[in-house]
Amino acid sequence: MVETRIAVVGMGPRSLGALEALAARLGNDAAPLSVDCYDPFPACGAGPNFDPEELDLCRLNIPMRDIDIRPPEFTGCSTFAEWLADTPHPDVFPARADLGRYLEARYNALRRSGRLAITHLPTIATELKQEGDLWMLRADDAWHGPYTEVLLSVGQPQVQPDEQLAEWQQHASAEGRTVAQAYPARRLAEEAAGWTGRTVAIRGLALSAFDVLRVLTTAQGGRFEEGQYIASGQEPAQIVPFSLDGLPPFPKPETEALDARFNLSAAETELFSTNIQAAAIANPEQARTLLTEALVSPVIRILTEFGAETDFSAVFAWLETEFSDPGTQETEGPVETLKTGIAMAEGAATPSVGYTVGQVWRKWQDQLRSGYNPAKTQPDTADLIVAFDEGLKRYSYGPPVSSSRELAALIEAGIVTLDHAADPDIALTEGGWTLTSDQGSVEADVMIDAVIASPDLSILRSSLLNGLVDEGKLCPISESLAAETAADAQIIAQDGTRSPGLCLLGRLALGSVVAADSLHDCFGAASHRWAQDVVERMEGKVET
């Protein structure tokens, strides 16, 4: 039997979760398993999304009460709440940097456990080639290996800029203007120090936009007090966020008590678990019916308990529209939507059908992944379920209500305007970018891109991944989805075969998996399935 040697490309939280799951299955008596981790980012376990050096103003969109990523006992590492010097209130949304430092500590604890002999290669793996049933990786002009297992877990790889962004970058270069990226936020804060009195546009009005707004305001010396923004005088004169629909996401319920009003009974959750398993292997119409059946009753129950006047037909109609046209049902303008979301999150307003569906869906994320991810889902059903999940993120992945209040205060202070938020016409001008809407026009001389690229294999800018695509080893499930993988994360090639020991975890497998952008998914069942199958392949118990 060939000695098992593993390569991991990308050493962020998902790889940490996978290696912890693998080490947990090895025991203390076996010789350490050799693992080479390829990642130029220095903070192993954290990755750029949870950079320990990032500004503290970048917050998680999960409150402490909902963070449940317990470390395996053998590492001796404490939970995140226990690890923090001062345990925050359950309703606090921690800084991403704090979580990053914790994940880095967990990685170091895993190394100290001795179950894995981990070597970190701080470099980019540029090429992968197969030699029989083994693999070789190229990095720094040298080949490394051979490896019996290769795990690709690259998070958000480099991609080609979309047509709009590429045009803007060329324009900025020609006219001496600025196109900046939202992250790293600390670098953006340094750039923003020179933007006093200027007009700054932000492409994107989702979670990243809230970090960008804090970079442009509080990181420049401003502060929020009693619901008002106190300017420092160092901020841009005006900030103009915009997106395709122009609507900010809805904040999560503010307190544990308010959030508990959206809890599900055991029977309701059992029905959803059963139905999502069936939906994952059904045709689209059957899947829609199964998911609607699971959602309607608890949504009506919760709305009734809030005192809302609703019935089956109203909830059914909302769900039908959401399945047909995800994310299109809000009819209020941006500012009104922001205020409505704050009121519902505070408990000052009765939740809407959509807000209630979103909170229920959020609480069923583990069951969603457990039912969907191991199944082999036909492409049109995958399109339906993934689009429904992605559309509901405007509710289920919402920010803390404090972030929404900050946006409202910045609008009140006249620093932020949402007048041009909804898909404005954008003209390239000598001064920068002129945004035009029904409310008039505004010219910005700085543009910040706060849009996260979709996991589209056709836009990848990674020589390793592009090589796998060109060889037909990495192929999309459908035009709108990402790579096809098996339940154990093995990549399924264009001809339907599996490459032995070549696996992919994360958002680049969207469609094969669902809801992969979650922190909890990094330490969830998908990582454990991969680890279990690696052990079984080591023991010769499974065919590749």
What's the separation between atom [atom1] in [X] and atom [atom2] in [Y], rounded to the nearest 0.5 Å?
X	Y	atom1	atom2	result
Arg214	Leu55	CZ	CG	10.5 Å
Asp488	Cys503	CG	SG	5.5 Å
Asp366	Asp521	CG	CG	9.0 Å
Glu484	Ile492	CD	CD1	4.0 Å
Ser402	Phe210	OG	CZ	9.5 Å
Thr292	Leu319	OG1	CG	5.0 Å

Check for a donor-acceptor pair, side chain of [X] on one end and backbone N or O of [Y] on the other, with a separation under 3.5 Å.
X	Y	answer
Thr434	Val442	no
Asp445	Gly432	no
Gln228	Phe224	no
His120	Asp39	yes
Arg14	Val154	no
Asn466	Leu460	yes
Gln329	Trp318	yes
Lys473	Leu468	no
Asp423	Leu244	no
Thr377	Ala280	yes

Check ion pair [X]-[Y] (N to O, under 4.0 angstrom):
X	Y	answer
Arg96	Asp56	no
Lys252	Asp66	no
Lys393	Asp517	yes
Arg405	Glu346	yes
Arg203	Asp162	yes
Arg59	Asp211	no
Arg288	Glu322	no
Lys339	Glu332	no
Arg186	Glu53	no

Should Pro379 and Glu479 count as side-chain neighbours, where that means a heavy-atom distance under 4.5 Å?
no
Evaluate the side-chain proximity of Pro236 to Val446: yes if any heavy-atom separation is below 4.5 Å, no if none is.
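Sidechains of Pro236 and Val446: no contact.
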Any luck finding a side-chain donor-acceptor pair between [X] and [Y] under 3.5 Å?
X	Y	value
Glu443	Thr429	yes
Thr497	Asp495	yes
Gln156	Tyr183	no
Asn283	Glu285	no

Hey, is [atom1] on [X] packed in by over 12 heavy atoms from elsewhere, all under 6.0 Å?
X	atom1	value
Glu336	CD	yes
Asp470	CG	yes
Gln494	CD	no
Leu428	CG	yes
Glu320	CD	yes

Can you confirm if the NZ or CZ of Lys129 lies within 45° of the ring axis of Trp143 and under 6.0 Å from the centre of its six-membered ring?
yes
With Ile239, which of Thr217, Val212, Thr417, Thr199 fulfils side chain to side chain contact (heavy atoms under 4.5 Å, CB included)?
Thr217
